[in-house]
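Following: one structure in structure tokens, then a few remarks.
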Amino acid sequence: MGNYAEVFRRSIEDPNGFWGEAAEKISWYKKWDKVLDDSNQPFYRWFTGGELNTCYNCLDRHVEGGRGDQAAIIYDSPVTDTKQTISYRELLDQVSRFAGGLKSLGVVKGDTVVIYMPMVPQALVAMLACARLGAVHSVVFGGFAPKELAVRIDDAKPKVMISASCGIEGKKVIPYKPLLDKAIDLAKHKPANCVILKRPQVEAELTPGRDLDWDQLAASAQPAPCEIVKATDPLYILYTSGTTGMPKGIVRDNGGHAVALYWTMSHLYDVNPGDVYWAASDVGWVVGHSYIVYAPLLYGCTTIVFEGKPVGTPDPGAFWRVISEHGVKVLFTAPTAFRAIKREDSQGAYLKKYDISGFQALYLAGERTDPDTYHWASDMLNRPVIDHWWQTETAWSICGNFRGIELLPVKPGSATKPAPGFDVKILSPESQELGPDQPGVVAVKLPLPPACLPTLWHNDERFLQSYLKPFPGYYFTGDEGYHDEDGYVFIMGRVDDVINVAGHRLSTGAMEEVIATHKAVAECAVMGAADDFKGQLPVGLVVLKAGVAQDPEEIRKELVQMVREQIGAIASFKSVAIVPRLPKTRSGKILRGTMRKIADGAQFSVPSTIDDPATLGEIEEALKTIGYAKKK
Ligand code: COA
Ligand code: AMP
């Protein structure tokens with residue numbers, strides 16, 4: 001136990017001393033020349049001159065240190081009725097063999113590999129095998145449609161792709177191979193090879209000369225040793241939604257990432273090596289990268305790979321069963337998962353069936369934890385419930401309650417205080433730092449701490465434009481919020497076109513791009529409207545071209561289907577209203593913020609810049625017909 005304020009102060013005043021000390025916990029082939037390299041501002045790098053291998057730190061090191069027989073992964077898959085424990089020794093064997101297989105396909109340090117996999121242990125094997133070779137993986141969430149996968153293939157230009165014959169989503173079996181083939185057809189870049197994990201539920205047809213069977217490749221491969229990489233070499237790219245249809249390729253380095261993630265396991269999550277740690281997310285998201293794969297393994301914990309849902313696989317007791325059966329100490333998931341459980345088991349009858357006495361704390365992120373969900377979870381569990389705020393860009397939490405240092409009193413609705421290393425400020429549009437209770441844009445004074453994105457993949461300019469130029473000297477988070485007089489930070493939502501649906505980050509701009517291609521559509525806007533279950537849901541407002549004779553109901557159905565096919569079911573795009581025109585300013589800017597307030601039934605003032613105030617009434621009427629704009 002320590003003193004949060006003191007740890008935070010030191011992290012900001014002496015970043016070199018602070019992170020230099022944290023880096024001693026990692027195994028290096030060569031120590032760094034500089035902890036914080038600020039020679040090329042506003043680009044900052046951590047641990048320049050250092051050399052390491054992330055996979056070595058996740059696996060070999062633990063086997064050499066005596067953890068060989070400890071479980072590294074517990075795979076619990078209610079959807080296939082499978083439970084499997086993989087020890088550190090077994091995982092090292094699988095990873096080094098698979099790395100050998102990739103090597104035999106010509107994958108070398110610096111090459112990119114795209115991974116499109118369901119929640120099976122082989123997804124982790126694939127990621128770690130890339131890390132072992134110094135190849136850069138880019139995992140694409142399995143819920144994205146072929147077009148989204150194709151966009152990422154064209155940006156990452158993988159030498160090899162790794163996928164499976166299918167994913168299993170609750171009761172649905174989703175064949176992945178046809179999606180992969182379609183994505184490769186759509187993409188300009190073609191990978192030389194695809195490695196396919198054949199799952200028993202679905203056959204996969206392999207394309208001769210290009211596709212290989214995972215098992216055959218691994219069986220015939222020579223185990224590959226770890227490649228030495230620079231601390232500043234990329235470990236992975238993870239694409240995340242921005243304001244347009246072109247996602248941002250967040251780059252993660254090896255050194256800073258290993259140091260920061262290792263540090264969080266004790267200071268934020270308060271676990272010990274050997275403990276069972278569970279992030280109920282998906283490897284396709286940043287939470288999965290950081291807290292299903294890298295952090296727990298770097299730290300010598302057992303990680304759970306859960307292929308199921310909080311409800312329906314088979315019931316709302318799934319989380320409690322996993323916690324009790326596998327001795328989970330800490331669970332990390334999205335608030336929406338708890339809302340799903342609450343909806344089906346508000347009295348906690350399923351919770352009472354299980355002994356979860358070893359469980360210590362619940363961590364929530366992906367969206368704000370609303371006070372109702374907070375109170376329900378905390379009353380039900382009688383343990384700390386910690387909301388922490390973070391982004392794909394940062395890899396770990398920007399604000400949180402650092403239980404391993406000092407458990408601060410919780411204020412429901414707040415993500416507590418800035419993480420050590422993050423000098424969080426609330427700014428006015430003119431870059432003035434605002435005082436308590438004044439809402440503004442949330443920014444972080446540079447430099448960002450280790451593990452945060454050093455840039456975007458092959459796109460320094462977009463990195464500068466999106467994050468550093470809006471408020472010079474600061475990293476622009478894209479969120480708005482305020483802090484109170486005790487320094488607690490409250491995140492209120494995005495200021496851009498990014499929305500969060502069931503903890504999944506999506507771009508309304510990307511949905512608009514899809515809708516705009518429909519032949520009957522003249523103009524459209526998609527916004528995120530509040531939803532009691534998923535936090536937000538996208539709602540489309542569509543203006544039809546003059547003289548369109550097609551049945552509006554049919555158009556609505558087609559638009560829903562187009563978003564589903566081109567972005568994915570994960571977009572949960574189901575609501576479309578057809579309107580005569582969109583409300584705009586006199587200069588032609590669509591008034592999305594005002595429309596969002598109307599959809600939510602919230603108070604709003606008519607903007608002074610509006611071209612025609614009557615449009616707002618039209619929008620309200622149209623939204624009412626699809627169940628929105630109900631006065632609160
Ligand atoms: N592959 C293919 N399709 C997928 C998918 C995947 N990996 N993941 C989700 N989908 C589909 C779902 O089947 C659903 O399809 P449908 O419209 O045909 O029903 C659609 O995408 C929307 O999925 P989702 O938003 O997850 O809704 P849901 O009703 O299936 O489940 C929750 C709701 C709350 C149970 C679920 O979102 C959840 O567990 N979320 C919390 C955990 C989490 O994922 N957090 C991420 C960041 S921490
Ligand atoms: P992602 O990159 O998918 O992790 O999404 C990041 C975005 O999700 C942030 O910019 C926030 O808008 C939102 N978010 C994540 N965690 C929280 C939280 N604890 N509180 C409020 N918003 C959050």
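We count ligands from 1, going down the list as the structure has it; atoms in each ligand are counted the same way.
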Do R339 and E367 meet the salt-bridge criterion of a basic N to acidic O distance under 4.0 Å? yes
Is it true that, when you exclude Q438 itself, more than 12 heavy atoms of the residues, nucleotides or ligands shown sit nearer than 6.0 Å to its CD? yes
Main-chain N/O of V442 paired to T477 side chain as donor or acceptor, under 3.5 Å: yes
Ligand 1 contact by K534, heavy-atom criterion under 4.0 angstrom: yes
Answer yes or no: is there a donor N or O on one side and an acceptor on the other, between the side chain of E307 and the main chain of V120, under 3.5 Å? no
Does ligand 1 have any atom sitting under 4.0 Å from a heavy atom of V311? no
Distance to 0.1 Å, residue and atom name: give those for the protein heavy atom nearest to atom 39 (O) of ligand 1. P310 CD, 3.1 Å
Is there at least one pair of N or O atoms, one from A365 and one from ligand 1, spaced under 3.5 Å apart? no
Considering only heavy atoms, does F332 approach ligand 1 within less than 4.0 Å through its side chain, its backbone, both, or neither? neither
Does W285, backbone or side chain, put an N or O under 3.5 Å from an N or O of ligand 1? no
Considering heavy atoms of the protein only, find what lies nearest to atom 14 (C) of ligand 1 and give residue, atom and distance to 0.1 Å. K172 NZ, 4.0 Å
Between R564 and ligand 1, does any nitrogen or oxygen pair lie at a separation below 3.5 Å? yes
Less than 4.0 Å is my threshold; does some heavy atom of G366 fall inside it relative to ligand 1? no
Ligand 1 atoms in contact with G503 (distance to a heavy atom under 4.0 Å): 46 (C), 47 (C)
Check the side chains of Y374 and D387 for a donor-acceptor pair under 3.5 angstrom, ignoring hydrogens and angles. no
Could you give me the CA-CA distance, side-chain angles and deciding distance for F422 and W389, then say whether ring-ring contact (aromatic ring centres under 6.0 Å, His included) is met? CA-CA 12 Å; F422 286 95; W389 165 59; 8.2 Å; no
Around atom 11 (C) of ligand 1, find the nearest protein heavy atom and jot down its residue, atom name and distance. A569 CB, 3.8 Å
For atom 15 (C) of ligand 2, which candidate among G366, S290, S281 holds the nearest heavy atom? G366
Heavy-atom contacts under 4.0 Å between K574 and ligand 1: side chain, backbone, both, or neither? side chain
Determine, considering heavy atoms only, which of R505, E367, Q536, K248 sits nearest to atom 3 (O) of ligand 2. R505
Among protein heavy atoms, which lies nearest atom 13 (C) of ligand 2, and at what distance? N500 ND2, 3.5 Å
Is R343 close enough and on-axis enough to F533, meaning under 6.0 Å and within 45°, for cation-pi? yes
Salt bridge flag under 4.0 Å for residues K309 and E169: yes
Nearest-neighbour protein heavy atom for atom 21 (C) of ligand 2, which is reported as residue plus atom name and distance: R368 N, 3.2 Å
Select one of side chain, backbone, both or neither to describe which atoms of V287 lie under 4.0 Å from any atom of ligand 1, heavy atoms only. side chain
Quick look: A280 vs ligand 1, heavy-atom contacts under 4.0 Å, and the answer is backbone
Looking only at atom types and distance, does a side-chain atom of N401 sit under 3.5 Å from a main-chain N or O of L408, one as donor and one as acceptor? yes
Under 3.5 Å, is there a donor on one side chain and an acceptor on the other for R252 and Y236? yes
Region of R494 engaging ligand 2 - heavy atom pairs below 4.0 Å: side chain
Would you call R556-E553 a salt bridge at under 4.0 Å N-O? yes
Do H388 and F332 have side chains that approach each other closer than 4.5 Å (heavy atoms only, starting at C-beta)? yes
Which protein heavy atom lies closest to atom 23 (O) of ligand 1, and at what distance to 0.1 Å? I570 CD1, 3.9 Å
Polar-atom distance check: Q391 versus ligand 2, any N or O pair below 3.5 Å? yes
Per-atom filter on ligand 1: closer than 4.0 angstrom to a heavy atom of S572 are 22 (C), 25 (O)
Judged by heavy atoms only, the candidate from G170, S281, P118 nearest atom 48 (S) of ligand 1 is S281
Is it true that atom NZ of K329 has more than 12 heavy atoms of other residues, nucleotides or ligands lying nearer than 6.0 Å? yes
Could you check atom 45 (N) of ligand 1 against the protein and tell me its nearest heavy-atom contact, residue, atom and distance included? A334 CB, 3.7 Å
N/O separation below 3.5 Å, E393 to ligand 2: no
Answer yes or no on whether R152 is positioned over the face of F144, meaning its NZ or CZ is under 6.0 Å from the six-membered ring centre and within 45° of the axis. yes
With sequence neighbours left out, what residues match Y628 under ring pair (Phe, Tyr, Trp, His ring centres under 6.0 Å)? none
Shortest heavy-atom approach to atom 12 (O) of ligand 2 - which of D496, T477, D479: D479
Answer yes or no: is there an ion pair linking R368 with D370, defined by an N-O contact shorter than 4.0 Å? no
Electrostatic pair R592-E512, nearest N-O below 4.0 angstrom: yes
For the 3.5 Å polar cut-off, considering only N or O atoms, please tell me whether E169 and ligand 1 meet it. yes
Protein contact to atom 2 (O) of ligand 2 [nearest heavy atom, distance to 0.1 Å]: T392 OG1, 2.5 Å
Show me which atoms of ligand 2 lie under 4.0 Å from any heavy atom of I491. 21 (C), 22 (N)
Checking heavy atoms under 4.0 Å, the part of H504 that sits near ligand 1 is side chain
For atom 2 (C) of ligand 1, the closest protein heavy atom turns out to be I174 CD1, 3.3 Å
In plain terms, say whether K177 and D181 are close enough for a salt bridge, that is, a side-chain N and a carboxylate O under 4.0 Å apart. yes
Please identify which atoms of ligand 1 are closer than 4.0 Å to at least one heavy atom of K309. 26 (O), 28 (P), 30 (O), 31 (O)
Measure the OH-CG distance between Y475 and L446 for me, rounded to the nearest 0.5 Å. 10.5 Å
Would you call G167 a ligand 1 contact, heavy-atom distance under 4.0 Å? no
Looking at CG of L124 and CD1 of I73, how far apart are the two atoms once the value is rounded to the nearest 0.5 Å? 4.5 Å
What protein heavy atom sits nearest atom 6 (C) of ligand 2, and how far away is it? W390 O, 3.5 Å
Nearest protein heavy-atom contact for atom 41 (C) of ligand 1: which residue, which atom, what distance? T336 CG2, 3.7 Å
Atom 32 (C) of ligand 1 has as its nearest protein heavy atom F533 CZ, 4.5 Å
